[in-house]
Amino acid sequence: MRPIAIKFEGDQDYEFLTPYIRVYIGGVISIALSSMQGFLEASTSEIIHNEVNKSRRNVASLLCEKELHQACTESQLSQISRTERLKQRKSFESIIKSVFDNPESIDFLEENLEVFELVHTDQFTITDLARNLLSVVARTIKLGKVQTKINWYSSRYEDESIGHHWRGKPLIYVQSHSNQRSSASQNLAHHSQLINSVMTRNRIPNGSDFSNPVAKDMRQPDDYNHFYSESVSLLLASAQVEKFIQAQTHYTFQNLTSDIQVLNEAADYIIIYYSYAGFNLKKCKTAIHVAQLELDILEFEESLLQAHKYGEIAKYIEEVQIGGQLSTTYRQLQKKIDTVRKSLELQEKIISESNTRRLTIIFGIIASATLPPELTQPLLKSLGLISSDESLNKIYSIAASFAAVVFALTLAHIAFKIGVKKIKILKRS
């Protein structure tokens with residue numbers, strides 16, 4: 001995706017973000033907003049405020065190229081009801097015309113970009129930007145192409161791409177820093193304040209105040225530190241990483257950061273998978289469907305084991321699986337599975353017993369279909385159908401019995417439907 005220029009409140013200059021999009025099999029979408037400038041000569045406090053907690057900062061201006069502006073605008077307006085959209089059409093068209101009549105120019109590397117202001121509200125964060133981009137990507141995938149033209153008369157578009165579960169976190173990469181040591185273990189010992197501040201997302205005056213580490217180092221070799229948590233991750237390179245990169249022509253620091261990004265995306269994917277498993281549980285209509293969902297979860301867990309049985313990545317996945325949010329999500333999922341299974345089994349038992357009673361009644365009625373003459377003759381006599389021919393009277397008696405059976409079966413069928421409806425109402429309540 002093309003670069004986006006963003007300026008936060010209190011900043012003088014724009015910062016360029018390049019969105020990287022990844023779409024997984026199954027529908028999970030990942031967007032990484034990579035900063036082109038990074039941070040240089042920044043203190044611990046500046047890193048915490050400007051980078052780690054960037055999602056809390058208000059965006060003063062956001063500039064993007066015309067096609068992305070049109071796609072974002074169309075995506076947002078498509079989620080408004082047709083009535084409200086037509087009611088405010090003139091206002092929307094006035095704002096859009098004003099934006100496109102006043103383009104801005106900004107230099108990006110060796111390009112000069114024509115860009116347009118996207119933010120027209122007092123409150124807007126980088127989280128809002130990420131959610132809007134997710135919506136645009138999801139809508140593009142669903143419709144097969146990027147939508148840039150607004151259809152004012154279309155029905156409301158229900159965006160389900162981020163309506164259930166989504167995650168976002170900062171990934172902090174430090175390539176070089178003051179007092180950089182030659183090994184990861186020495187860096188860890190001498191820069192605990194920076195590490196603890198980043199991992200707690202708050203500046204810690206003295207790193208030695210923590211008797212226990214706030215995050216675990218996921219890197220086994222002694223070349224760099226990779227601290228992971230469900231809310232933030234930190235890569236802290238030692239001096240030997242810089243020496244290795246300078247000696248190589250095919251390997252850059254971006255290769256290393258890409259590896260860390262893939263690991264963190266894998267961790268988020270695991271958490272989202274279990275979250276959506278709980279959502280899919282609501283769609284299960286029978287105990288067999290619940291069993292199939294459990295089997296899918298077991299196959300997913302087996303795939304994690306088969307992909308990486310040993311080594312650093314296997315240890316990383318193990319650490320992710322014992323994380324606080326994932327552990328809680330997994331426990332809740334197991335409780336929900338057990339509860340839904342019991343509920344469905346009870347419902348199926350009630351319906352089965354109802355069917356058994358219904359069949360018993362039907363076969364009982366059929367078995368007594370031939371009513372005795374003492375019952376049919378008075379009815380036939382009142383209808384004037386008594387004949388001197390006994391054979392004809394028997395035929396009339398059988399016809400009357402058949403009519404009585406049909407009437408009784410109809411009543412039984414209506415009673416059964418009412419019973420099933422009451423069961424469904426009790427289940428919903």
Side-chain angles (χ1 to χ4, degrees), residues 11 15 32-57 168-248 251-268 311-320 322-324:
D11 292 350
E15 174 183 355
L33 300 176
S34 177
S35 174
M36 299 297 296
Q37 286 91 335
F39 48 92
L40 185 65
E41 302 294 334
S43 64
T44 300
S45 298
E46 291 172 336
I47 293 175
I48 301 302
H49 180 264
N50 297 334
E51 306 301 331
V52 178
N53 294 325
K54 181 176 288 187
S55 61
R56 302 177 185 176
R57 304 184 64 192
K169 61 182 286 188
L171 307 179
I172 307 300
Y173 307 127
V174 181
Q175 181 176 3
S176 60
H177 53 88
S178 58
N179 298 320
Q180 191 171 21
R181 306 297 174 168
S182 59
S183 68
S185 57
Q186 292 176 345
N187 251 358
L188 174 59
H190 286 81
H191 299 287
S192 58
Q193 180 191 13
L194 171 64
I195 296 169
N196 291 332
S197 297
V198 171
M199 299 311 296
T200 58
R201 304 185 70 161
N202 185 35
R203 187 181 183 281
I204 305 301
N206 189 350
S208 60
D209 290 345
F210 286 85
S211 57
N212 296 318
V214 297
K216 186 175 181 180
D217 189 358
M218 310 296 285
R219 178 66 174 172
Q220 294 179 352
D222 200 25
D223 48 1
Y224 64 85
N225 306 104
H226 174 205
F227 298 96
Y228 166 84
S229 74
E230 292 175 337
S231 61
V232 62
S233 289
L234 169 66
L235 163 64
L236 186 65
S238 67
Q240 62 176 291
V241 171
E242 188 69 17
K243 292 180 181 179
F244 174 80
I245 292 175
Q246 291 177 355
Q248 303 296 319
Y251 192 90
T252 65
F253 188 68
Q254 188 173 4
N255 294 107
L256 181 56
T257 58
S258 298
D259 292 340
I260 302 300
Q261 180 177 325
V262 169
L263 287 174
N264 279 273
E265 286 186 8
D268 288 339
E312 183 178 348
I313 297 180
K315 293 293 184 182
Y316 179 86
I317 293 177
E318 289 179 8
E319 189 69 21
V320 170
I322 63 174

Could you list the residues that satisfy side-chain hydrogen bond (donor to acceptor under 3.5 Å, both in side chains) with [X], not counting sequence neighbours?
{"X": "N53", "result": "R201"}
{"X": "S233", "result": "K169, N264"}
{"X": "S182", "result": "Q186"}
{"X": "T252", "result": "N255"}

List in chain and number order the residues that pass salt bridge (Lys or Arg N to Asp or Glu O under 4.0 Å) with [X], two or more places apart in sequence or in another chain; answer none if no residue qualifies.
{"X": "R57", "answer": "D11"}
{"X": "D217", "answer": "none"}
{"X": "E319", "answer": "K216"}

With sequence neighbours excluded, give me every salt bridge (charged side-chain N to carboxylate O under 4.0 Å, His left out) pair touching [range].
{"range": "residues 37-54", "value": "E15-K54, E51-K54"}
{"range": "residues 254-267", "value": "R22-E265"}
{"range": "residues 223-237", "value": "R219-D223"}

What is the distance from atom [atom1] of [X] to atom [atom2] of [Y], rounded to the nearest 0.5 Å?
{"X": "I317", "Y": "L263", "atom1": "CD1", "atom2": "CG", "result": "8.5 Å"}
{"X": "L188", "Y": "D222", "atom1": "CG", "atom2": "CG", "result": "9.5 Å"}
{"X": "S258", "Y": "Y173", "atom1": "OG", "atom2": "OH", "result": "7.5 Å"}
{"X": "N202", "Y": "I48", "atom1": "CG", "atom2": "CD1", "result": "7.5 Å"}

Do the non-hydrogen side-chain atoms of [X] and [Y] ever get within less than 4.5 Å of each other?
{"X": "H49", "Y": "R56", "result": "no"}
{"X": "N187", "Y": "N225", "result": "yes"}
{"X": "F227", "Y": "I172", "result": "no"}
{"X": "L234", "Y": "V174", "result": "yes"}
{"X": "L171", "Y": "V232", "result": "no"}
{"X": "L236", "Y": "Y224", "result": "no"}
{"X": "Y316", "Y": "H226", "result": "yes"}
{"X": "Q175", "Y": "E242", "result": "yes"}

Legend entry - Contacts of S176 that satisfy side-chain contact (heavy atoms from CB on, under 4.5 Å) - sequence neighbours left out: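 Only Q180 meet the side-chain contact (heavy atoms from CB on, under 4.5 Å) criterion with S176.
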Inset, instruction - Tell me, please, which residues at least two apart from Y251 pass ring-ring contact (aromatic ring centres under 6.0 Å, His included). - result: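 If we apply the ring-ring contact (aromatic ring centres under 6.0 Å, His included) test to Y251, skipping adjacent residues, the hits are F244.
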Legend entry - Polar side chain donor-acceptor pair, S45 to S43, under 3.5 angstrom: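 S45 vs S43: no donor-acceptor pair found between side chains.
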Inset, instruction - Decide whether S238 and R181 meet the rule of one side-chain donor and one side-chain acceptor closer than 3.5 Å. - result: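 No, because no side-chain N or O of S238 sits under 3.5 Å from a partner of the opposite role on R181.
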